Amino acid sequence: MSQELTSLLELLDLERVEQDIFRGSSRPAVVPRVFGGQVAAQALVAACRTVPAGRLPHSLHAYFLRSGDPGAHIVYTVDRIRDGRSFTTRRVVAVQHGQPIFHLSASFQAHEEGMEHQEPMPQAPDPETLPTAEEIVPRYRELFTDPQVPERLLRARAAVDLRYVEEPPFGRVGRPSEPRSQVWFRTNGKLDDPMLHICLATYVSDMTLLDSVLLAHGRGGWAVGDVVGASLDHAMWFHRPFRADEWLLYDQESPTAQGGRGLAKGRIFTRDGRLVVSVIQEGVVRVPRGEVDQPASPAAASR
């Protein structure tokens, strides 16, 4: 297991303060606030620690309320909403400086058999044929407004091997394209606890989901500085068992953007084609003050 993944797992190993109260710290992010995927994953860990054995998350719904302070601890309070025969529901509120910054509701289910069907997996090249982050980020060093951004990008993603199928948004600045993005990812080391695979996928799910919104408008993203944005809400459905330490394809698209907000949808597939997770997120995506964005036409977005 890589040292970076060990550090991330330590970050997710929350301190229990009281029976249903936990405390966590943060790690540096690309932007000067707590990474949303970290808060979501930590909140899910807190919820998981209050659930009867044998029940795994099947869905979560969350709102990002305030920007998190990376220099302060985050306190997670869990409410035990319901423990039924098959399903368990938990609500988690993350607090910093006396104010809620994040709210999550999660539902858990005991395993049972049922009807099966799914969408087919889209085509994608093998992950081993794609460049790593260490190979691709330095190519665009001159585009970043802050010379420390490449190092922060690589450090933030060091625990996870994440590979873009096509150029990332910061490599396609000024070239509007189809609002669709694909990445392969897996952790840089093996995991044991089935719950950790779900929590790590939750962490990664917030890394690239709004990329598809940016691509439709030829925007490079926060690291380039041509948009101002943040996650607003996040929902995930966990359909089938999977391992986050094996290659997973994250297929993402944006059906719409308007009013300073963009909507993105994602599907996560195992390498053998099983649909294991569905994701939907809305985020604030604004152009800098004084700059007017030209709406992307359907024709331009389909190129």
Side-chain angles (χ1 to χ4, degrees), residues 11 24-44 60-76 92-105 144-146 148-149 152-153 155-157 160 162 168-170 173 179 181 183 201-236 250 252-266 279-293 296:
L11 193 75
S25 57
S26 298
R27 62 186 296 169
V30 179
V31 292
R33 59 174 180 264
V34 176
F35 170 51
Q38 174 204 303
V39 182
Q42 287 181 326
L44 186 57
L60 66 83
H61 301 262
Y63 283 94
F64 298 91
L65 306 176
R66 292 178 175 87
S67 295
D69 176 2
H73 284 100
I74 307 173
V75 176
Y76 297 90
V92 184
V93 178
V95 176
Q96 273 189 324
H97 306 304
Q99 294 185 315
I101 65 168
F102 179 81
H103 176 281
L104 174 139
S105 293
F144 300 126
T145 54
D146 183 343
Q148 295 184 347
V149 163
R152 293 206 302 266
L153 264 174
R155 187 170 61 244
R157 297 181 178 181
V160 178
L162 188 147
F170 50 78
V173 176
S181 177
V183 297
T202 300
Y203 178 87
V204 176
S205 69
D206 191 40
M207 282 185 171
T208 61
L209 189 51
L210 292 180
D211 283 359
S212 53
V213 179
L214 304 177
L215 291 171
H217 299 264
R219 297 281 167 167
W222 320 182
V224 175
D226 60 358
V227 295
V228 178
S231 304
L232 286 172
D233 58 16
H234 197 78
M236 301 181 72
Y250 197 5
Q252 303 148 97
E253 63 178 333
S254 174
T256 184
Q258 70 296 308
R261 307 186 316 278
L263 185 70
K265 303 188 298 182
V279 191
I280 295 182
Q281 181 182 100
E282 188 174 47
V284 172
V285 184
R286 297 185 180 123
V287 298
R289 270 184 197 173
E291 184 181 350
V292 178
D293 184 49

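As a basis for the values below, the full set of heavy atoms in this structure was taken, side chains included, without hydrogen atoms, waters or symmetry mates. Keep in mind the model is a prediction, meaning the values are calculated, not measured.
Between the side chain of Ser25 and the backbone N or O of His73 there is no donor-acceptor pair closer than 3.5 Å. Not a single donor-acceptor pair under 3.5 Å links the side chain of Gln281 to the backbone N or O of Val279. Gln96 places a side-chain N or O within 3.5 Å of a backbone atom of Asp69 that can act as its donor or acceptor partner. A donor-acceptor distance shorter than 3.5 angstrom exists from the side chain of Gln42 to the backbone of Leu11, with no hydrogens or angles considered.
Annotation: ring pair (Phe, Tyr, Trp, His ring centres under 6.0 Å) contacts of His103 (sequence neighbours excluded): none. With sequence neighbours excluded, no residue satisfies side chain to side chain donor-acceptor pair (under 3.5 Å) with Ser67. By the ring pair (Phe, Tyr, Trp, His ring centres under 6.0 Å) test, Tyr76 pairs with no residue at all, sequence neighbours left out.
Note that CG of Leu104 is 12.0 Å distant from CG of Asp233, once rounded to the nearest 0.5 Å. Taking OH of Tyr63 as the start and CD of Glu282 as the end, the distance is 9.0 Å to the nearest 0.5 Å. Ser181 contributes atom OG, which lies 11.0 Å from atom CG of Leu210 (distance to the nearest 0.5 angstrom).
Within 6.0 Å of CZ in Arg286 there are 12 or fewer heavy atoms belonging to other residues, nucleotides or ligands.
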For Ile74 and Gln38: C-alpha separation, side-chain torsions, deciding distance, then whether side-chain contact (heavy atoms from CB on, under 4.5 Å) applies. CA-CA 11 Å; Ile74 307 173; Gln38 174 204 303; 4.1 Å; yes
Determine whether Ser205 and Tyr250 satisfy the following criterion, side-chain contact (heavy atoms from CB on, under 4.5 Å), listing intermediate values before the conclusion. CA-CA 8 Å; Ser205 69; Tyr250 197 5; 3.7 Å; yes
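Among all heavy-atom pairs drawn from Thr208 and Arg157, the shortest one is CG2-NH2, 4.1 Å. Ile280 approaches Leu209 most closely through the heavy-atom pair C-CD2, 4.4 Å.
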